[in-house]
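For reference, the structure discussed in these notes is given below.
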Amino acid sequence: MTRWIVAGLAVGLVATVHPNTAGAQGKGDRYLLTVEEIQSRQDITNAYEAVQRLRSQWLKTARSRGSLGGTGSSAQATQSGGRPVPERPGAEGGGASAPVDPMAKVGPNRGKVSPVLYIDEVKQDDIEELRNIRIVEIAEIRYMNGTSATGRYGEGHEAGAILLKTNRLGR
């Protein structure tokens, strides 16, 4: 039995050190978009289309820490245990109202944040800036999850970060 455990650990170690031996050949890195992968598609003209068509999960929004949560259109007060606070009879005519989170957006995307975009290590105002980068300018595009991006760049990266390197500066 010990021999099988040792053999299993050895196979796991080889798969960790040499990912190609674990059957990963032909599959792209889920956190990296290469020039070759982007240029292999004829329907891609800019960086946004590359991310949207090849790694659409990078563009998904995340719930911000300041949101109340839920998907409804009205806010509901909660107790510290997360249970709804019962309404008081007669409170609708000027009594106490439910607290409203000033950070929560109104509508179906309230409390949602998009990934932060960095082009050549410069933070951009909007993810839509990817549309301005032609595929011939792209050196690589990477994605960092929220935890990694927050560790590297600070708060405000709940949905992660998209890091685009261009070849504009001879990189």
Side-chain angles (χ1 to χ4, degrees), residues 12 15-16 19 22 24 27-41 43-87 96-135 137-169 171:
T16 303
K27 292 184 180 180
D29 181 346
R30 67 182 188 161
Y31 297 110
L32 174 68
L33 265 174
T34 62
V35 174
E36 294 80 18
E37 189 176 359
I38 294 167
Q39 291 177 347
S40 70
R41 297 280 302 262
D43 60 337
I44 296 174
T45 60
N46 62 49
Y48 189 88
E49 290 174 357
V51 172
Q52 184 180 43
R53 293 190 177 121
L54 299 171
R55 302 288 191 281
S56 61
Q57 68 273 18
W58 293 1
L59 296 173
K60 298 221 190 279
T61 58
R63 185 174 310 278
S64 70
R65 290 182 183 174
S67 72
L68 289 174
T71 57
S73 59
S74 63
Q76 184 178 21
T78 59
Q79 295 174 347
S80 62
R83 295 181 306 262
V85 175
E87 290 185 25
S97 61
V100 177
D101 182 357
M103 298 301 288
K105 296 179 184 177
V106 177
N109 288 328
R110 70 184 181 133
K112 301 284 185 167
V113 293
S114 296
V116 178
L117 173 64
Y118 290 86
I119 299 176
D120 292 328
E121 293 295 322
V122 177
K123 185 177 181 180
Q124 304 298 306
D125 293 331
D126 191 3
I127 198 76
E128 293 292 322
E129 290 295 321
L130 283 170
R131 294 186 190 277
N132 298 328
I133 307 295
R134 298 173 303 145
I135 61 169
E137 298 176 283
I138 299 171
E140 74 175 24
I141 307 173
R142 287 194 175 273
Y143 176 77
M144 292 180 80
N145 65 28
T147 304
S148 297
T150 298
R152 181 172 178 178
Y153 297 108
E155 291 189 18
H157 294 84
E158 290 88 1
I162 295 176
L163 313 173
L164 185 140
K165 288 185 183 177
T166 66
N167 52 22
R168 292 177 181 167
L169 303 174
R171 294 177 192 235

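What's counted below: heavy atoms across the whole structure, side chains too, no hydrogens, waters or symmetry copies.
Between Tyr153 and Glu121, the closest side-chain pair of non-hydrogen atoms falls below 4.5 Å. Looking at Val51 and Ile127, their side chains never come closer than 4.5 Å, going by heavy atoms from C-beta outward. Two residues are said to be in side-chain contact when any heavy atoms from C-beta on lie closer than 4.5 Å; Thr34 and Glu140 fail this criterion. The side-chain heavy atoms of Lys123 and Leu117, taken from C-beta on, include no pair separated by under 4.5 Å.
Tyr31 meets the side-chain hydrogen bond (donor to acceptor under 3.5 Å, both in side chains) test with no other residue; sequence neighbours excluded. Listed by chain and residue number, nothing satisfies the salt bridge (charged side-chain N to carboxylate O under 4.0 Å, His left out) test with Glu129 (two or more places apart in sequence, or in another chain). Partners of Asn145 according to the side-chain hydrogen bond (donor to acceptor under 3.5 Å, both in side chains) rule, which considers only residues two or more places apart in sequence or in another chain, are Ser148. With sequence neighbours excluded, the residues forming a salt bridge (charged side-chain N to carboxylate O under 4.0 Å, His left out) with Arg53 are Asp43, Glu49, listed by chain and number. Partners of Tyr143 according to the ring-ring contact (aromatic ring centres under 6.0 Å, His included) rule, which considers only residues two or more places apart in sequence or in another chain, are Trp58. With sequence neighbours excluded, no residue satisfies side-chain hydrogen bond (donor to acceptor under 3.5 Å, both in side chains) with Arg134.
Gln57 and Arg30 make their closest contact through NE2-O, 4.4 Å (heavy atoms, listed as atom of the first residue, atom of the second, distance). Across every non-hydrogen atom of Arg55 and Leu33, the tightest pair is NH1-CD2, 3.6 Å. Closest approach of Ala159 to Pro115, counting heavy atoms only: CB-N, 3.5 Å. Closest of all the heavy-atom pairs between Gln52 and Leu59 is CA-CD1, 3.9 Å. The two residues Ile44 and Asn46 make their nearest non-hydrogen contact at CG2-O, 3.5 Å. Shortest non-hydrogen contact noted between Ala139 and Val35 is O-CG2, 2.9 Å.
Expressed to the nearest 0.5 Å, how far CD1 of Ile138 lies from OG1 of Thr166 amounts to 9.5 Å. Interatomic distance, Ile119 CD1 to Glu137 CD, rounded to the nearest 0.5 Å: 9.0 Å. With rounding to the nearest 0.5 angstrom, the CD atom of Gln124 is 7.5 Å from the CD1 atom of Ile133. A distance of 9.0 Å separates CD1 in Ile162 from OG in Ser114, rounded to the nearest 0.5 Å. Here the CG atom belonging to Leu130 is positioned 6.5 Å from the CD1 atom belonging to Ile141, to the nearest 0.5 angstrom. Here the OG1-CD1 distance, from Thr45 to Ile38, works out to 11.5 Å after rounding to the nearest 0.5 Å.
Open room surrounds CG on Asp125; 12 or fewer heavy atoms of other groups in view lie less than 6.0 Å from it.
Using a distance-only test at 3.5 Å, with no hydrogens or angles considered, no donor-acceptor pair links the side chain of Thr150 to the main chain of Thr147.
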